[in-house]
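Letters A, B, ... are given to chains in the order of the sequence lines, protein chains preceding strands, and every chain is numbered from 1.
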Number of protein chains: 2
Amino acid sequence: MPLATAELRLHRRAPIGRELHGMLRRQILRGVLRPGESIPETTLAERAGVSRTPVREVLRRLADEGFVTIIPQVGTYVAPIRLAAVYDSQFIRETLECRTIRLAAENLTEPDAAVLRANLAAQQASLEAGESDAFFDQDDALHACFVRIAGRPAIWQVIQGVKSQLDRVRYLSLQSGDWPPVLVEEHATLVGHVLAGDAERAEAAMRAHLRTVFATIERLSRTNADFFETPAP
Amino acid sequence: MPLATAELRLHRRAPIGRELHGMLRRQILRGVLRPGESIPETTLAERAGVSRTPVREVLRRLADEGFVTIIPQVGTYVAPIRLAAVYDSQFIRETLECRTIRLAAENLTEPDAAVLRANLAAQQASLEAGESDAFFDQDDALHACFVRIAGRPAIWQVIQGVKSQLDRVRYLSLQSGDWPPVLVEEHATLVGHVLAGDAERAEAAMRAHLRTVFATIERLSRTNADFFETPAP
DNA sequence: ACTTGGATACTTGTATACTAGTATGCCTCT
DNA sequence: AGAGGCATACTAGTATACAAGTATCCAAGT
């Protein structure tokens, strides 16, 4: 028997210019690259010290994710935030996460509980230290944790893919915002209901939590109008 | 005033080798290209009469969609159907569509009703004519229609992206299967509840409908074992 | 003063050449 | 005969060269 081609698969040889993707995505998310800004392939290529080929592949993927707009013989631009896409993202995320947190509340085990508590503590620390970037990541981590506890870890991949547009709004609001304390409280409420195994309340709290964005979207679309797509006349 | 750069945007100049993507996707879906089969970039390129560059971009996207597996310096292969991915797809699809059909039942207008009835009639025709490929498309069209009626047309894009793996199973079952009559009946039930504006029953029927795949997955994973990933030992 | 025509610079799309890593088959050595 | 090492062929990754379309600017004509 031929050893079944070894399931070790440390095939991890050359993880491509995947870093480029993360870098650009982060820069767009954080507004370093502003909507409407032109980002030619050649510029990005020489800036990163690579050729156009890998840059192109990264840009294609970013276009699929809605971060850039590629116009065939014209140019590549940072995409504006489309309000319609934000609302769609919110709808999908709410639908999926409200269902998964129910499962999480029912499937909780003790080690998971510890992770949740640790995450909350870390959020509190970030809040007091004023580190909004860290909080941004911990927020994601908590939600990912719920999905994992629910026994559907792969679903988080989908949610992450969908909430791209939401993340841009979220980052803007964290920057210009005074509401992190509220978020930490809501997270604490979520964790509390999950720890108590109360699926019903957990779902309701999640729905309310995810809908807090609505309050800020309108404000942000005026405060940072240059980030948003100008609605059709 | 500069005419606002004209919103006509017939920018539709060169829709790339997008056809290639559709062609490969269809061939994998229908089993023309079988799981495990090697599909080198060069082969695909010369077969399509183009260069490797556009082929590569198509393959990258297919890899993102889970249709092919790219191993860096080794080769590109048609991906097997991963049962875990199928179950995840089902979960997501059920979650999203159960919610949207509720909205559809509440938002229905008369023109939409006509479209639904027409779709059902077309399905019946395909069934009697034994055209499984046409039925496959009409099935999709009906579900897309529900999502559109719900007022969230963009959500269908997400569902379509997620259900790739499910589609492969669905196609297999349509080929080897005797159950289209059941599906048409279920579709009729769905449409009936939506037409009646009964959100509760519509959702329940949708859940039951989407879960019919479970019945066939196990059978298919034995009948067509070569299409599925061999579970870890 | 305004429009219109065309030359030019710049963009992405595509093709080709080169690099590097992997698998395979053959040969040699034990 | 079997096991191990080595040369070769093939793969995707990357870089570069070429093609095709677009926007811009300037000049000429009305």
Side-chain angles (χ1 to χ4, degrees), chain A residues 1-24 33 35-65 67-79, chain B residues 1-24 28 33 35-79:
Chain A
M1 271 293 108
L3 200 117
T5 58
E7 280 299 326
L8 302 180
R9 62 177 64 173
L10 37 141
H11 256 309
R12 294 290 163 207
R13 276 293 146 235
I16 342 146
R18 180 178 223 80
E19 313 173 27
L20 236 185
H21 178 267
M23 190 188 79
L24 281 176
L33 296 173
E37 188 169 344
S38 175
I39 44 174
E41 296 175 354
T42 53
T43 305
L44 296 176
E46 61 190 24
R47 187 179 301 174
V50 296
S51 103
R52 275 181 57 203
T53 312
V55 171
R56 273 183 62 82
E57 294 174 353
V58 167
L59 287 177
R60 301 284 285 210
R61 176 176 288 195
L62 287 171
D64 283 342
E65 296 174 298
F67 283 114
V68 306
T69 304
I70 302 176
I71 305 177
Q73 250 69 359
V74 179
T76 304
Y77 306 90
V78 177
Chain B
M1 271 294 108
L3 199 118
T5 60
E7 281 300 324
L8 301 181
R9 64 177 62 173
L10 38 142
H11 255 308
R12 293 293 160 206
R13 275 292 148 238
I16 340 146
R18 180 179 224 82
E19 313 174 27
L20 236 186
H21 178 267
M23 190 189 79
L24 282 175
I28 294 175
L33 296 173
E37 187 168 345
S38 174
I39 45 175
E41 297 176 353
T42 54
T43 305
L44 296 176
E46 60 190 24
R47 186 179 302 175
V50 296
S51 104
R52 273 181 58 203
T53 312
V55 171
R56 272 183 62 81
E57 293 175 354
V58 167
L59 287 177
R60 301 284 285 209
R61 176 177 289 196
L62 286 171
D64 284 342
E65 296 175 299
F67 283 114
V68 306
T69 305
I70 302 176
I71 305 177
Q73 251 67 359
V74 179
T76 303
Y77 305 91
V78 178

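For the pair B:Q73 CD and C:dT24 P, the computed distance is 15 Å after rounding to whole Å. If you measure from atom CZ of A:R52 to atom C1' of C:dC10, you get 11 Å, rounded to the nearest angstrom. The nearest whole Å value for the distance from the CZ atom in A:R56 to the P atom in C:dT11 is 14 Å. Here D:dT14 presents its P atom at 16 Å from CG of A:L44, a figure rounded to the nearest Å. In this structure, B:E57 places its CD atom 14 Å from P of D:dT14, rounding to the nearest Å. Atom CD of B:E41 and atom P of C:dT16 are 15 Å apart (whole Å). Rounded to whole angstrom, the span from the CG atom of A:L62 across to the P atom of C:dT12 amounts to 14 Å. Going from atom CG of A:L20 over to atom P of D:dG13 covers 15 Å, rounded to whole Å.
Proximity of B:T76 to the phosphate of D:dA12: a side-chain N or O atom is located under 4.0 Å from OP1 or OP2. Under 4.0 angstrom from either OP1 or OP2 of D:dA15 there lies at least one side-chain N or O belonging to A:S51.
When the nearest nucleotides of DNA chain C are assigned to A:T53 and A:I70 by heavy-atom distance, the more 5′-ward of the two goes with A:I70. Nearest-nucleotide assignment on DNA chain D puts the 5′-proximal partner with B:P40, out of A:G49 and B:P40.
You'll find the side chain of A:T43 stays beyond 4.5 Å of the side chain of A:I39, heavy atoms only. Side-chain contact between B:T76 and B:L44: absent, with no pair of heavy atoms (C-beta onward) separated by less than 4.5 Å.
The shortest non-hydrogen separation linking A:A79 to A:P35 is O-CB, 3.8 Å. When all heavy atoms of A:V55 and A:A45 are compared, the closest pair comes out as CG2-CA, 3.7 Å.
Within 4.0 Å (heavy atoms only), B:S38 reaches no atom of the nucleic acid at all.
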